[in-house]
Trainee: 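The following block contains the structure, expressed as structure tokens.
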Amino acid sequence: MELKKNYNPAEVEDKWYAYWLKNRCFHSEPDSREPYTIVIPPPNVTGILHMGHVLNNTLNDVLIRKARMDGKNACWVPGTDHASIATENKVVARLAERGIRKEDLTREEFLKYAWEWKEEHGGIILQQLRKLGASCDWDRTKFTMEPALSDAVTATFVYFYKKGLIYHGYRMVNWDPVAHTAISDDEVIHKDTQSHFYHLRYFISDGKGNPTDDFLVIATTRPETIMADSAICVNPADERYHHLRGKKVLIPLINREIPVIEDDYVEMDFGTGCLKVTPAHDAHDYEIGQRHNLPIIEILDDDGRLTADARILVGEDRFVARKKICKMLEESGNLVKVEEYTSPVGYSERTDAVIEPKLSKQWFLKLEGLAAEALDKVESGRIKFIPDKYRNVYHHWMENAHDWCISRQLWWGQRIPAWYLPDGSFVVEETAEKALAAARKINPALTAADLRQDEDVLDTWFSSWLWPISVFDAKRPGHPEHKPNRDLGYYYPTSDLVTAPDIIFFWVARMIMAGGEFMNDIPFSNVYFTGIVRDKLGRKMSKTLGNSPDPLVLIEKYGADSVRLGMLLCSSAGNDILYDESQVEQGRNFCGKIWNSWRLVSGWRVDENGRQPESARVAVKWFDNLLSRTITAVEDHYKKFRINDALMATYKLFWDDYCSWYLELVKPTFGEAIDGYTYDATVGFFDKLLKLIHPVMPFITEEIWHAMADRRPGETIMFERTPVAGPYDEDFLAGFEQARQIITGVRGIRAQKQIAPKDPLKLCLEGEVSQEFYPIIAKSAGISAFVDAVDGAAVSFIVGTVKCSVPLEGLVDTAQERAKVEAELEHQRKFLAGVRAKLANEKFVAHAPEAVVAVERKKEADALARIEALEASLKTL
RNA sequence: GGGAGUUUAGCUCAGCUGGUUCAGAGCACCUGCCUUACAAGCAGGGGGUCAUUGGUUCGAGUCCAAUAAUUCCCACCA
């Protein structure tokens, strides 16, 4: 089939994707083959494709296509994540555009809007993945909030609650007094803010609530919270305050008595060494309060105004109160001094209001046991991290894992399955019916109307951590006694996970925990961490900077194959990727190269009975060997997840070796036909090369593979087998390499217009190149004279068909040659001494693995042989 | 402040147990070519004290220590 002059990816890509879908090429069912499974890191349901997705999904697709061609039953499960915070924010923003406020809606009304939005925009990203060529099994598409998966989440909550691992407790949240909502840590921006450091005098109590003359001084930036103080804390090692042990002090202005306590948290040389403890309004103070059983006194309301519990300045805004209380403290003589002070203060990303730490009731999952087990899975090597350095990060975090706060003050998500009884107690059950039944055991008079379900929803990660299980069998999580269905039994554990390192704790660690708890097995064997995609200047891709290209525009412009190649070219595992459009251009250029090389080969006239030229025979032999060697290397690279090394090896094999050398060597002279044997070999090589390239560039390889021969309907290169490496001859390949250098050398001499007739001969002599390669040197360099034999002082060579002989002298510069040999000899002797020293080391021989010692012995023998040869050649010079 | 990395050619990175894969790759650059597959190409070429300083060793990009620069994670200090 004749190819068009130019490759047009747009025409080809849609055609083949539709073809693959039509023939259900991506679909997988359990069978007798070995499974290779990947679950997609589910993108946000309302997300749109960005460069990070392109990188991640290209890598996933390369792995899955490679596995498919290796004959495995490859299954890539796609899906989306409900992403509660992000999606809810988007829905809220969209409603705001229409003039609707979330506060004015009921939960049901809001969720109706949210689902509408999801139906409209959810799945856009999955459509975009198709453009990229992702070979996902679309029949298996899942959504983390679809009924079955939501039930799994609820069941999991109930399971852990009944196991005693989930508890209801307090936690400091970041309260935004303007937006009237708690916001996540990520939404808090710390800014260095100019403020004051107030030194306040607290008098020691005489024990009856009256001040003595003695006092201590504390330093604070928030004097308006002194009314919420529960204690004064000093470091136990601080001798300055030992005399205050067991004493009480009086809060200025309100004269409430509070104890002096000791805790290591306090740093002696910061401030005065005395810390006022305000458990209700500072996260650290809360922890100290917990340790020392201090009362929690809240004096700020949801607007950030002082409450009646403050006893003074009631109703004042916290910042107004700060100014006023300073004046009052000054008047009462409690204000010692005020210093200028700059400290980081948290601001809300949304409203820019200063964040108020606020206590609120939340649900927690105890991680201690789960984390220890999950840590062991990685430490023991059952799960491998690529690159390995992330094991350290993982280790450090898992050792210090805090309990996981799993409740979120949102509506979009799985609602917490806890029902409160009128008396304030609660029951945890999978459904309202079961909850009522459980509640009636406590109080038989209760009706459904008496129960009130918890308003909060669960953290998105509380559903994501079940993903590798629930996509196959949603009944299993929460019910470890449930017998796995056929899919789960066959596909779990999955093979590899490709994801970004920033969610190693949020997601990767937790999937390992869930896997251990519900499957008693690892969720995947290997985790490949990609880097973060940055722009050319090393900046993170972001919407606000506008430095993130739209992948779809890139695909439109260059084709998906080019975008995929461009992305992979610069991505070694774990390193950040500095994206530049020139890499995609390189991908496009490679497409052009593949295309044109097939145009060349397919255009040849074949003479089945033609005689194969010697140069072609050698070229075929060479490329056959080289192909085997490269396939071996590529397989090794894939095994080690060195995807871009595998890619680069293939890229160079095709461009540098196949196109620039092989095709030039076998190319028939203009107007002549190619012999059948060489032609078949050439097409055979092309076929294998296409299969090697296919996992990276699926579309162009499919197109050309179909152009190469008449294929049966539904046939695809996707299901062809990865070419297998045969044995190869290193010496032969090395010989060819020498010949190649000679040719390059000759070309170099010509390029510099220093045409010296004897140079090629000299190069042949020096390179000790085998006669086998003379034909290719002749073809490539256009030299028709070759060394035939070296005999003492003369060299005989062949020019055309005539043999002649010239004296060696003049061809070789003896003195220079001698110096070279001597230098080499010295190097070899030194090397030999080193190797022998190593071998003489008893410890080395005793402890090193046998293979390593063998390598050293071989080095010794080789060096000896070389020295001998060099000494011999020195004599002849 | 605590922890973990990184530093090799103009750029992005390889370099596995210290030596015979020992200074590499791709891109960029320079020179010459519109040669009948491809100028998105072909042919040739230049370029690095392997961050600095010490140490271990017969031998150090490779191992150790310190310094400097830089990135990420955690905490952000009353």
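The figures here come from the full heavy-atom set of this structure, side chains too, leaving out hydrogens, waters and symmetry mates. Keep in mind it's a predicted model, so treat the numbers as computed, not measured.
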Trainee: What residues form a ring-ring contact (aromatic ring centres under 6.0 Å, His included) with A:Tyr265, not counting sequence neighbours?
Mentor: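 Testing A:Tyr265 for ring-ring contact (aromatic ring centres under 6.0 Å, His included), a comparison that skips the adjacent residues, returns A:His284.
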Trainee: Please state how far atom CD in A:Glu672 lies from atom P in B:U36, giving the value in whole angstrom units.
Mentor: 18 Å
Trainee: In whole Å, I'd like the distance from the NZ atom of A:Lys593 to the C1' atom of B:A40.
Mentor: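 Atom NZ in A:Lys593 sits about 10 Å away from atom C1' in B:A40.
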Trainee: Given the P atoms of B:C50 and B:A60, what is the spacing between them in whole Å?
Mentor: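 One P to the other, the span is 12 Å.
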Trainee: Please identify each residue that fulfils side chain to side chain donor-acceptor pair (under 3.5 Å) with A:Tyr662, with sequence neighbours left out.
Mentor: A:Thr682
Trainee: What integer distance in Å separates A:Ile594:CD1 from B:C38:C1'?
Mentor: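 Value for this atom pair: 12 Å.
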Trainee: Side chain of A:Asn392 only, heavy atoms from C-beta on: which candidate in B:A37, B:G5, B:C42 is closest?
Mentor: B:G5
Trainee: Before you tell me yes or no, could you show the steps for A:Phe529 and A:Tyr390 under ring pair (Phe, Tyr, Trp, His ring centres under 6.0 Å), namely the whole-Å CA-CA distance, both residues' side-chain angles and the distance that decides it to 0.1 Å?
Mentor: CA-CA 8 Å; A:Phe529 290 105; A:Tyr390 286 107; 4.8 Å; yes
Trainee: Quick one: classify the glycosidic conformation of B:G61 as syn or anti, with syn meaning within 90° of 0.
Mentor: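 You should classify B:G61 as syn.
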Trainee: Which whole-number value in Å describes the distance from A:Trp595 CH2 to B:G41 P?
Mentor: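 Rounded to the whole Å, the gap is 17 Å.
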Trainee: List the steps, then state whether ring pair (Phe, Tyr, Trp, His ring centres under 6.0 Å) holds for A:His396 with A:Tyr394.
Mentor: CA-CA 5 Å; A:His396 191 252; A:Tyr394 182 79; over 10 Å; no
Trainee: Please work out whether the ring planes of A:Phe686 and A:Tyr658 are parallel, tilted or perpendicular, with thresholds of 30° and 60°.
Mentor: perpendicular
Trainee: May I ask you to say what A:Ser660 touches in the nucleic acid, namely base, sugar-phosphate or nothing, with a heavy-atom cut-off under 4.0 Å?
Mentor: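 The answer is sugar-phosphate, as A:Ser660 gets under 4.0 Å only of primed atoms, P, OP1 or OP2.
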Trainee: On a whole-Å scale, what distance lies between the C1' atoms belonging to B:A9 and B:G46?
Mentor: 11 Å
Trainee: With A:Arg629, which residues qualify under salt bridge (charged side-chain N to carboxylate O under 4.0 Å, His left out), at least two apart?
Mentor: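 Scan of A:Arg629 (salt bridge (charged side-chain N to carboxylate O under 4.0 Å, His left out), adjacent residues dropped) gives A:Glu730.
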Trainee: Expressed as a whole number of Å, how far does the P atom of B:G18 sit from that of B:C29?
Mentor: 39 Å
Trainee: Using a 4.5 Å cut-off on heavy atoms from C-beta on, say whether the side chain of A:Ile261 contacts that of A:Ile232.
Mentor: no
Trainee: In whole Å, measure the gap between the P atoms of B:U49 and B:U62 for me.
Mentor: 16 Å
Trainee: Considering only atom C1', compute the distance from B:U31 to B:G24 and round it to an integer number of Å.
Mentor: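 Pairwise C1' distance, B:U31 against B:G24, rounds to 24 Å.
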Trainee: Output one letter per nucleotide in nucleotides 70-78 of chain B: B when a protein non-hydrogen atom lies under 4.0 Å from the base, S when only the sugar-phosphate is that close, - when neither is.
Mentor: ------BBB
Trainee: Using the test side chain to side chain donor-acceptor pair (under 3.5 Å), find all partners of A:His637 that sit at least two apart in sequence or belong to another chain.
Mentor: none
Trainee: Tell me the salt bridge (Lys or Arg N to Asp or Glu O under 4.0 Å) pairs involving residues 335-344 of chain A, sequence neighbours left out?
Mentor: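 Every salt bridge (Lys or Arg N to Asp or Glu O under 4.0 Å) pair that includes a residue of residues 335-344 of chain A, provided the two are not neighbours, is A:Lys337-A:Glu339.
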Trainee: Using a heavy-atom cut-off of under 4.0 Å over every strand shown, decide if A:Trp604 touches base, sugar-phosphate, or nothing.
Mentor: nothing
Trainee: Within the structure, does a side-chain N or O atom of A:Trp655 lie under 4.0 Å from either OP1 or OP2 of B:C42?
Mentor: yes
Trainee: Considering only atom P, compute the distance from B:U6 to B:U17 and round it to an integer number of Å.
Mentor: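 Those two atoms are separated by 13 Å.
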Trainee: Residues in salt bridge (charged side-chain N to carboxylate O under 4.0 Å, His left out) with A:Glu664, at least two apart?
Mentor: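 A:Glu664: salt bridge (charged side-chain N to carboxylate O under 4.0 Å, His left out) contacts with A:Lys667.
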Trainee: What's the CZ-C1' distance between A:Arg599 and B:A40, to the nearest Å?
Mentor: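 One finds 13 Å between C1' of B:A40 and CZ of A:Arg599, rounded.
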Trainee: Looking at A:Lys389, does any N or O in its side chain come under 4.0 Å of the phosphate oxygens OP1/OP2 on B:U6?
Mentor: no
Trainee: Rounding to an integer number of Å, can you tell me how far A:Phe654 CZ sits from B:A37 C1'?
Mentor: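 Those two atoms, CZ and C1', are 11 Å apart.
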Trainee: Provide the distance between the two P atoms, one in B:U7 and one in B:U21, to the nearest whole Å.
Mentor: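 Comparing P positions in B:U7 and B:U21 gives a spacing of 22 Å.
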Trainee: Distances for protein N/O vs nucleotides 24-29 of chain B N/O pairs under 3.5 angstrom?
Mentor:
{"from": "B:A25", "atom 1": "O2'", "to": "A:Lys652", "atom 2": "NZ", "distance (Å)": "3.2"}
{"from": "B:G26", "atom 1": "O2'", "to": "A:Gln586", "atom 2": "NE2", "distance (Å)": "3.0"}

Trainee: Who pairs with A:Arg564 by salt bridge (charged side-chain N to carboxylate O under 4.0 Å, His left out), at least two apart in sequence or on another chain?
Mentor: A:Asp61
Trainee: Look at all strands and tell whether A:Glu664 reaches a base, only sugar-phosphate, or nothing, counting heavy atoms closer than 4.0 Å.
Mentor: base
Trainee: As a check on the pairing definition, encode RNA chain B in dot-bracket form, counting Watson-Crick and G-U wobble pairs whose two distances are under 3.5 Å, and using | for partners outside this strand.
Mentor: (((((((..((((.....[....)))).(((((.......))))).....(((((..]....))))))))))))....
Trainee: State which residues pass salt bridge (charged side-chain N to carboxylate O under 4.0 Å, His left out) with A:Asp656; sequence neighbours excluded, sorted by chain then number.
Mentor: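 Partners of A:Asp656 under the salt bridge (charged side-chain N to carboxylate O under 4.0 Å, His left out) test: none.
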Trainee: Between B:G44 and A:Thr744, is there an OP1 or OP2 to side-chain N/O distance shorter than 4.0 Å?
Mentor: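 Checking B:G44 against A:Thr744, a side-chain N or O does come within under 4.0 Å of OP1 or OP2.
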Trainee: Within the 4.0 Å heavy-atom criterion, would you say A:Cys659 contacts the bases, only the backbone, or no part of the nucleic acid?
Mentor: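 Base contact - A:Cys659 has a heavy atom under 4.0 Å of at least one base atom.
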Trainee: Mind checking ring-ring contact (aromatic ring centres under 6.0 Å, His included) for A:Tyr651 and listing every partner two or more places apart, or none if nothing turns up?
Mentor: A:Phe590, A:Trp655
Trainee: Considering only side-chain heavy atoms of A:Lys640, which listed nucleotide, B:C42, B:A37, B:C16, is closest?
Mentor: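 Per side-chain heavy atoms of A:Lys640, the pick is B:C16.
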Trainee: Nearest whole angstrom, please: distance from the P of B:C38 to the OH of A:Tyr7.
Mentor: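 Those two atoms, OH and P, are 19 Å apart.
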Trainee: Without decimals, in angstroms, what is the distance between A:Ile704 CD1 and B:C38 P?
Mentor: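 Rounded to whole Å, this separation is 15 Å.
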Trainee: Return the orientation label for the A:Trp661 and A:Phe736 ring planes: parallel under 30°, perpendicular over 60°, tilted otherwise.
Mentor: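 Taking A:Phe736 first and then A:Trp661, their aromatic rings stand perpendicular (interplane angle over 60°).
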Trainee: How far, in whole Å, is B:A14 from B:C76 if one measures between their C1' atoms?
Mentor: 38 Å
